[in-house]
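Take a look at the structure set out below.
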Amino acid sequence: RDRLSREWPGSIVVAEPENARGLYAAINHGLFHAREEEWDWFTYINDDDLLRPGIDTCLEKAAPTDDLCYGVVEKIDGLGNRIEPISTLRTESLYLPLVRGGISGFHQQGAIMRRALCERIGEFDTKLKICADMDYFVRAAVKGAKLRFFSVVTGAFRIRPGQISQDIARERAEKAMIYQKNELDIYLRQSARAKMIFRWQNSPAYLRRFLRGHFYTSYQLLSGKKTL
């Protein structure tokens with residue numbers, strides 16, 4: 001804690017809670033300790049992921065009515081080399097149908113939320129070990145949060161062997177929990193259209209992947225079944 005305070009002067013370093021372990025428990029603990037501080041926007045980043053300059057664009061251009069802003073997140077390898085952008089939803093109104101169709105739409109590494117939204121949504125669900133960020137965004141959207149996409153690179157997700165996000169079976173099980181707890185089945189009939197639009201919006205990236213001779217899905221890359 002003292003070392004981190006020296007490395008990051010001006011920052012508030014909060015120790016991980018002793019009675020709760022894990023990423024999302026730590027985030028909840030940090031938000032709890034920040035309640036007396038002055039801040040307008042919230043995001044978090046894992047220690048091997050990166051924020052990109054596009055996050056500043058979100059902060060500068062967000063309208064007063066925008067509750068959650070996001071951009072494009074890139075995949076990078078262990079050395080920080082760019083692999084490719086992660087497919088991202090450009091049509092914010094399709095977010096909940098797309099999630100119900102099994103697609104995240106956007107990613108935590110490149111998203112920011114207003115303080116008022118965080119206070120309205122509450123804590124991350126610590127029962128979820130992989131998808132608590134998606135659950136948080138879904139709860140925000142269900143409560144009527146205004147989402148806004150910016151066509152800039154806002155973050156980078158580093159792919160490493162053995163990371164928890166490679167547990168695809170667990171991720172799918174947690175997504176099923178999110179559908180149920182947030183009553184997303186009402187969007188099931190709209191999900192096919194949302195997925196079609198999403199794939200059309202990201203078709204240039206799919207074409208570039210194909211032309212490079214890379215035949216894989218994001219699930220295959222994350223699970224380690226395909227390597228670059």
Side-chain angles (χ1 to χ4, degrees), residues 23-24 27-28 30-31 39-46 49 51 54-55 57-59 61-73 85-155 157 165 171-202 218:
L23 171 64
Y24 298 111
I27 295 170
N28 288 338
L31 280 170
W39 53 279
D40 298 315
W41 292 90
F42 164 72
T43 190
Y44 68 93
I45 196 80
N46 298 329
D49 296 335
L51 292 176
I55 206 78
T57 301
C58 296
L59 292 169
K61 296 187 176 181
T65 55
D66 294 334
D67 296 307
L68 189 159
C69 299
Y70 67 95
V72 177
V73 173
I86 300 177
S87 301
T88 306
L89 178 66
R90 269 74 171 165
T91 307
E92 302 92 338
S93 62
L94 296 177
Y95 175 63
L96 290 175
L98 189 67
V99 168
R100 184 57 189 89
I103 299 176
S104 301
F106 63 90
H107 297 269
Q108 154 266 318
Q109 294 86 353
I112 55 173
M113 295 161 279
R114 287 194 186 274
R115 177 174 187 158
L117 177 62
C118 296
E119 292 173 344
R120 193 161 83 241
I121 302 306
E123 294 189 336
F124 285 79
D125 186 346
T126 56
K127 294 189 297 294
L128 303 171
K129 303 304 180 185
I130 298 177
C131 298
D133 46 3
M134 176 198 280
D135 175 66
Y136 201 82
F137 300 150
V138 166
R139 284 155 53 200
V142 167
K143 288 182 178 293
K146 172 82 182 315
L147 277 57
R148 185 173 179 189
F149 167 72
F150 288 92
S151 187
V152 293
V153 177
T154 50
F157 171 58
S165 53
E171 178 181 340
R172 287 174 170 160
E174 290 193 2
K175 283 183 176 180
M177 292 172 59
I178 292 169
Y179 305 155
Q180 183 177 21
K181 68 181 285 194
N182 293 286
E183 300 180 349
L184 295 189
D185 280 355
I186 61 174
Y187 299 100
L188 194 56
R189 294 181 63 182
Q190 305 170 42
S191 64
R193 175 177 174 271
K195 289 166 71 173
M196 180 182 66
I197 293 172
F198 172 82
R199 286 172 176 147
W200 173 255
Q201 291 173 341
N202 291 280
S218 293

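Predicted model only: the values in this text are computed from it and were never measured.
Between R193 and L94 there is a side-chain heavy-atom pair separated by less than 4.5 Å. At a threshold of 4.5 Å between non-hydrogen side-chain atoms, the residues N28 and T126 count as touching. Contact of the W41 side chain with the R115 side chain is not registered, since no non-hydrogen atoms from C-beta on lie closer than 4.5 Å. At least one side-chain heavy atom of L184 sits under 4.5 Å from a side-chain heavy atom of V99. Counting heavy atoms from C-beta outward, R189 and P97 have side chains that stay 4.5 Å or more apart. Side-chain contact between I112 and L68 is absent, with no heavy-atom pair separated by less than 4.5 Å. A 4.5 Å side-chain heavy-atom check between D67 and M113 finds every atom pair outside the cut-off.
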>> Using the rule given for ring-ring contact (aromatic ring centres under 6.0 Å, His included), can you reason through F149 versus F106, listing the C-alpha separation, both sets of side-chain angles and the distance that settles it, and then say yes or no?
In response: CA-CA 9 Å; F149 167 72; F106 63 90; 9.4 Å; no
>> Let's go through L89 and Y70 carefully: what are the C-alpha distance in whole Å and the side-chain angles of both, what is the deciding distance for side chain to side chain contact (heavy atoms under 4.5 Å, CB included) to 0.1 Å, and is it a yes or a no?
In response: CA-CA 10 Å; L89 178 66; Y70 67 95; 4.1 Å; yes
>> ring-ring contact (aromatic ring centres under 6.0 Å, His included), that's the test. Do F124 and Y44 meet it? Break it down for me.
In response: CA-CA 12 Å; F124 285 79; Y44 68 93; 5.8 Å; yes
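In terms of heavy-atom proximity, I186 sits nearest to E183 at CG1-O, 3.6 Å. Scanning both residues, R148 and K61, for their nearest heavy atoms gives NH1-O, 3.0 Å. Residues K146 and T65 share a closest heavy-atom pair of CB-O, 3.2 Å. Counting all heavy atoms, side chain and backbone alike, V72 lies closest to P85 at CG1-CB, 3.7 Å. When all heavy atoms of Q201 and T88 are compared, the closest pair comes out as OE1-O, 4.3 Å. Closest of all the heavy-atom pairs between T154 and C58 is CG2-SG, 3.8 Å.
A salt bridge links D125 to K181: at least one charged side-chain nitrogen sits closer than 4.0 Å to a carboxylate oxygen.
Although no hydrogens or angles enter the test, the distance criterion places a donor-acceptor pair under 3.5 Å between the side chain of K175 and the main chain of G102. Put simply, the side chain of D49 never gets that close to the backbone of I45: no donor and acceptor are under 3.5 Å apart. Judged by distance alone, with hydrogens and angles left aside, the side-chain atoms of E174 form a donor-acceptor pair with the main-chain N or O of C131 at under 3.5 Å.
The CD atom of Q109 sits 8.5 Å away from atom OG1 of T43, with the distance rounded to the nearest 0.5 Å. Distance check, rounded to the nearest 0.5 Å: CG of L117 to CG of D66 gives 11.5 Å. With rounding to the nearest 0.5 Å, the separation of CG in L96 from CZ in F137 is 13.0 Å. Distance CD/E123 to SG/C118: 12.0 Å, rounded to 0.5 Å. Rounding to the nearest 0.5 angstrom, the gap separating the CG atom in L128 from the CG atom in D135 is 5.5 Å. Rounding to the nearest 0.5 Å places CZ of F198 at 4.5 Å from OG of S87.
No close placement of the Y95 and Y187 rings is indicated, their centers lying 6.0 Å or farther apart.
Annotation: salt bridge (Lys or Arg N to Asp or Glu O under 4.0 Å) contacts involving residues 87-114, sequence neighbours excluded, comprise R100-D185.
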